[in-house]
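Since the structure comes first, as structure tokens, the remarks are kept for the end.
Residues take their numbers from the sequence shown, with the count starting at 1.
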Amino acid sequence: MKLKCLMAIVIILILAMSLKSEVVVNAGLPSYQLIKDQNITIPIEISGLTQSIRAFEVCLEYDTAYLSATSSDLTEGSFLAQTGDETQWYASGDNGSLTATCSILGVTSGSSGNGTLFTISLTNLNQDILAGTELVISRVILRDLLNNSVTVDQIDNSIIYIDASPVYLNISLFLEGPYQSGGSMTHALTDNAILPLDSPYDDQVLTQFPDVDPNSIVDWIYIDLKLDENAVADKSANAFLLDNGSVVDVNGNSSLPFYFTTATQYFLQINHRNHLPVMTQDKIILSDNPDNATSLDFTDPTNAFGNPSTNLKKLETEVFGLYSGDANGDGNIFPSDLNDYWRIQTGQSGYKTADFNLDGNVLPTDLNDLWRINSGISSQIPK
């Protein structure tokens with residue numbers, strides 16, 4: 001009988017030990033990716049606490065050759081404060097070694113379970129490294145309600161990968177509206193100082209236009225990378241379309257700021273504010289080697305998504321481009337583009353969405369030469 005009781009006790013103890021949660025402190029995700037000049041906020045989290053704590057002290061270390069932060073970049077998390085008690089928060093240290101300390105004042109039940117102890121905001125220093133640099137949790141001190149030390153079973157650091165290398169693309173693309181002949185487009189928006197420095201697609205604002213001589217900028221375009229043909233954009237970037245049909249980034253280079261993309265296959269989609277979009281027929285691999293840039297020829301409909309007989313507009317023999325007339329940018333050339341945009345903007349000059357030929361004026365020629373001919377046509381790109 002005694003033996004059976006002893007065995008039962010041993011089994012209970014073993015089960016209790018196996019069910020005991022491990023206390024884990026981690027720096028958010030196992031890894032992060034930063035492009036040049038990017039800032040990131042990383043949570044320092046705790047999990048598995050089966051007892052309450054009323055104080056913690058955590059020290060973080062990182063290589064200042066790659067990352068930068070000060071004590072003011074440490075922000076108290078909600079873990080101790082979630083009890084509703086007043087906390088005393090203190091951040092200290094020099095760049096490269098920062099310490100966060102927090103305690104609950106007065107009589108309290110403390111906090112247990114899972115939560116964010118604090119966050120750190122880090123900025124990379126425009127380095128280009130392949131192996132990554134580590135955000136290290138070098139010391140963790142936890143105190144229970146009686147000021148006893150609480151054991152931390154596991155500490156997980158994070159690796160931060162920094163990449164300043166863009167991808168290189170050679171893109172050929174024409175817009176129906178400004179197209180002339182012989183593989184060239186007009187550039188009246190640039191010639192007449194109508195083209196804005198702020199992107200029509202997002203909040204990016206330039207201080208000046210890039211020097212693209214001997215070419216000229218036709219208009220802004222917006223490039224999306226999509227993991228699936230009907231997916232939302234995984235990554236996006238502004239760019240400029242030049243009069244010879246080539247595409248450059250906002251600095252005038254043939255590189256585009258798509259980082260951490262060379263190991264992934266994407267559909268690449270190009271959007272314009274009043275022309276139907278175009279997307280690659282298949283997924284592509286992007287090159288980070290300027291000597292082996294990825295080439296995309298969207299003047300050939302067999303390279304574009306959809307039916308090659310209708311996915312692009314024939315501009316002249318063996319030259320195709322994007323259909324003009326989509327004033328509201330919804331992927332359709334419908335009466336709404338006429339009624340809600342052209343009728344309202346007609347007679348106006350400037351950077352207007354109903355200016356379908358991109359000459360800086362909204363006139364009957366935009367309606368008769370472009371919208372009427374293309375009315376009823378929709379993009380074949382899945383949504």
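- A search for ring-ring contact (aromatic ring centres under 6.0 Å, His included) contacts involving Phe267 returns nothing, not counting sequence neighbours.
- Legend: residues meeting side-chain contact (heavy atoms from CB on, under 4.5 Å) with Thr75, ordered by chain and number and at least two apart, are Thr119.
- Leu367 forms part of a hydrophobic cluster together with Leu276, Tyr323, Ile333, Leu338, Trp342, Phe356, Val362, Leu370, Trp371, Ile377, judged by ILVMFWY side-chain heavy-atom separations under 4.5 Å.
- Within the structure, salt bridge (Lys or Arg N to Asp or Glu O under 4.0 Å) contacts touching residues 257-276 (residues at least two apart or in different chains) are Asp219-Arg273.
- Taking Leu227 as the reference, Asp234, Thr264, Tyr266 meet the side-chain contact (heavy atoms from CB on, under 4.5 Å) condition, with sequence neighbours excluded.
- Side chains of Asn274 and Thr353: a donor-acceptor N/O pair is absent below 3.5 angstrom, by distance only.
- Applying the salt bridge (Lys or Arg N to Asp or Glu O under 4.0 Å) definition to pairs two or more places apart or across chains, none involves residues 104-116.
- Residue pairs satisfying the salt bridge (Lys or Arg N to Asp or Glu O under 4.0 Å) criterion with at least one member in residues 286-311, sequence neighbours excluded, are absent.
- Between the side chain of Asp153 and the backbone N or O of Val23, at least one donor-acceptor pair lies under 3.5 Å.
- Taking Ser71 as the reference, nothing meets the side-chain hydrogen bond (donor to acceptor under 3.5 Å, both in side chains) condition, with sequence neighbours excluded.
- A donor and an acceptor atom, one from each side chain of Thr99 and Glu57, are nowhere located under 3.5 Å apart.
- Listed by chain and residue number, nothing satisfies the side-chain hydrogen bond (donor to acceptor under 3.5 Å, both in side chains) test with Ser78 (two or more places apart in sequence, or in another chain).
- Partners of Asn238 under the side-chain contact (heavy atoms from CB on, under 4.5 Å) rule, at least two apart in sequence or in another chain, are Ser199, Tyr201, Asp202, Gln204, Trp220, Tyr222, Val250.
- Within the structure, salt bridge (Lys or Arg N to Asp or Glu O under 4.0 Å) pairs that include any residue of residues 308-320 comprise Glu176-Lys313 (at least two apart or interchain).
- Under the side-chain hydrogen bond (donor to acceptor under 3.5 Å, both in side chains) criterion, Gln154 pairs with Asp156, not counting sequence neighbours.
- If you check the side chains of Asn39 and Ser121, you find a donor sitting under 3.5 Å from an acceptor.
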